[in-house]
Amino acid sequence: LVQCNCGLRPWLTIAGVPVGKEITDGASRQDEDGSILIAIATDAPLLPHQLERLAQRAALGLARVGSYSGNGSGGTVQRVASGTYDMGFADLAALMEFHANNPDAPNKPVAVMMVYNNTPAAVLALKKSGIAKPADLSGKKLGAPVFDAGRRGFPIFAKANNVQNVTWTSMDPPLRETMLARGEVDAITGFSFTSLLNLEARNVKAQDVVILPYSQHGVKLYGNVIIASPKLIKEQPQAVKAFLAAFAKGLHVLSEKPLH
């Protein structure tokens with residue numbers, strides 16, 4: 001039983017066919033955000049671990065009808081690839097992963113501007129945890145959404161710094177910094193600047209936070225890029241160029257006169 005008030009009509013997919021794009025009559029919501037409730041009931045004689053596996057299939061069913069999980073870069077790439085949006089801002093690794101997993105996709109997004117030359121991914125911990133360097137993470141409990149770029153890139157960070165035996169706790173993005181502030185996890189992964197601001201919003205002082213940037217600890221990866229659909233690039237190349245020029249000018253103005 002599903003009660004859903006999220007997503008966009010063009011996402012609707014039935015038996016692999018994007019039928020939502022063909023439904024044009026009637027009003028359609030413009031905001032993809034919302035909520036969803038899925039209830040699964042059975043009288044089968046299942047053990048607790050079997051029930052957990054059954055519950056996980058609810059998300060798979062949701063995906064089969066066109067929905068997306070989370071708000072990370074992977075979702076952005078999927079939205080541009082589906083034609084829901086023409087452009088987006090995503091982690092280059094997520095774009096490369098999509099290309100590798102979908103070689104025959106008809107509308108594979110293209111990176112048109114590199115924004116972060118280095119990945120902004122980092123591990124953040126509170127100083128009181130005793131974590132001061134990557135080696136201190138061995139045996140610790142880390143937290144991040146499953147689609148977080150820092151979490152997905154953590155195996156590279158761990159190999160470069162000989163970090164072993166970490167365990168992961170998954171959560172929705174709004175709970176990541178909250179759980180660190182409460183001490184429910186030892187450290188988190190995320191973009192250094194975003195997570196630090198979120199921690200400060202939760203009354204954690206910046207001087208009480210340890211930040212271990214991937215780029216300073218042996219992980220050399222590109223960060224986020226602006227992506228565009230091949231259709232937009234082909235049909236409206238001047239619009240793409242104009243947007244990128246405006247974006248670059250905005251960054252320049254902001255760097256010259258930061259907002260306070």
Side-chain angles (χ1 to χ4, degrees), residues 6-34 59-121 145-153 156 173 191 194 219-252 254:
C6 65
L8 300 175
R9 178 185 289 170
W11 297 359
L12 178 61
T13 302
I14 298 177
V17 180
V19 297
K21 294 181 179 180
E22 305 300 324
I23 304 175
T24 58
D25 59 324
S28 176
R29 58 184 287 136
Q30 301 300 314
D31 185 1
E32 66 182 75
D33 294 330
L60 298 177
L62 191 62
R64 285 180 61 85
V65 293
S67 187
Y68 300 102
S69 172
N71 298 306
S73 292
T76 301
V77 175
Q78 290 277 1
R79 288 171 174 83
V80 175
S82 70
T84 303
Y85 297 113
D86 295 316
M87 301 183 75
F89 185 62
D91 184 71
L92 182 60
L95 178 64
M96 294 170 64
E97 182 180 35
F98 179 85
H99 277 249
N101 293 336
N102 302 275
D104 300 322
N107 192 44
K108 294 193 288 289
V110 177
V112 292
M113 176 183 278
M114 177 62 63
V115 180
Y116 299 151
N117 288 339
N118 289 310
T119 176
V146 293
F147 50 81
D148 174 67
R151 177 170 176 174
R152 303 191 73 171
I156 304 174
F191 283 3
T194 305
V219 181
K220 302 300 182 182
L221 297 172
Y222 284 119
N224 281 42
V225 296
I226 295 177
I227 61 175
S229 69
K231 183 175 183 293
L232 180 67
I233 295 173
K234 180 179 180 180
E235 297 179 356
Q236 301 184 57
Q238 294 305 317
V240 176
K241 292 180 179 179
F243 174 83
L244 297 180
F247 180 84
K249 183 176 181 179
L251 288 181
H252 177 72
L254 187 60

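- Summarising the geometry, atom NZ belonging to Lys249 is positioned 14.0 Å from atom CG belonging to Leu254; distances are rounded to the nearest 0.5 Å.
- The side chain to side chain contact (heavy atoms under 4.5 Å, CB included) with Leu95 is formed by just one residue from the set Val110, Val80, Asn224, Val77; it is Val77.
- Checking side-chain atoms of His99 against main-chain N and O of Ala105 turns up no donor-acceptor pair under 3.5 Å.
- Of all the heavy atoms in Ile226 and Phe243, the pair that sits closest is CD1-CE2, 4.1 Å.
- Note: Asp91 CG to Asp148 CG = 9.5 Å, rounded to the nearest 0.5 Å.
- For the residue pair Val225 and Ala111, the shortest heavy atom distance occurs at CG2-CB, 3.9 Å.
- To the nearest 0.5 Å, the span separating OH on Tyr222 from CG on Asn117 amounts to 7.0 Å.
- In this structure, Leu92 and Met114 have side chains that are in contact, with non-hydrogen atoms separated by less than 4.5 Å.
- Gly150 approaches Ala121 most closely through the heavy-atom pair CA-CB, 3.8 Å.
- Ring geometry for Phe89 versus Tyr116: interplanar angle over 60°, hence perpendicular rather than tilted (30 to 60°).
- Taking both residues in full, the closest heavy atoms of Asn107 and Gly83 are given as ND2-N, 4.2 Å, listed atom of the first, atom of the second, then distance.
- The neighbour count for Met96 CE, taken as heavy atoms of other residues, nucleotides or ligands under 6.0 Å away, does not exceed 12.
- The shortest non-hydrogen separation linking Ile227 to Pro109 is CD1-CB, 4.1 Å.
- Residue Ala248 comes nearest to Met113 through the heavy atom pair CB-CE, 4.4 Å, listed as atom of the first residue, atom of the second, then distance.
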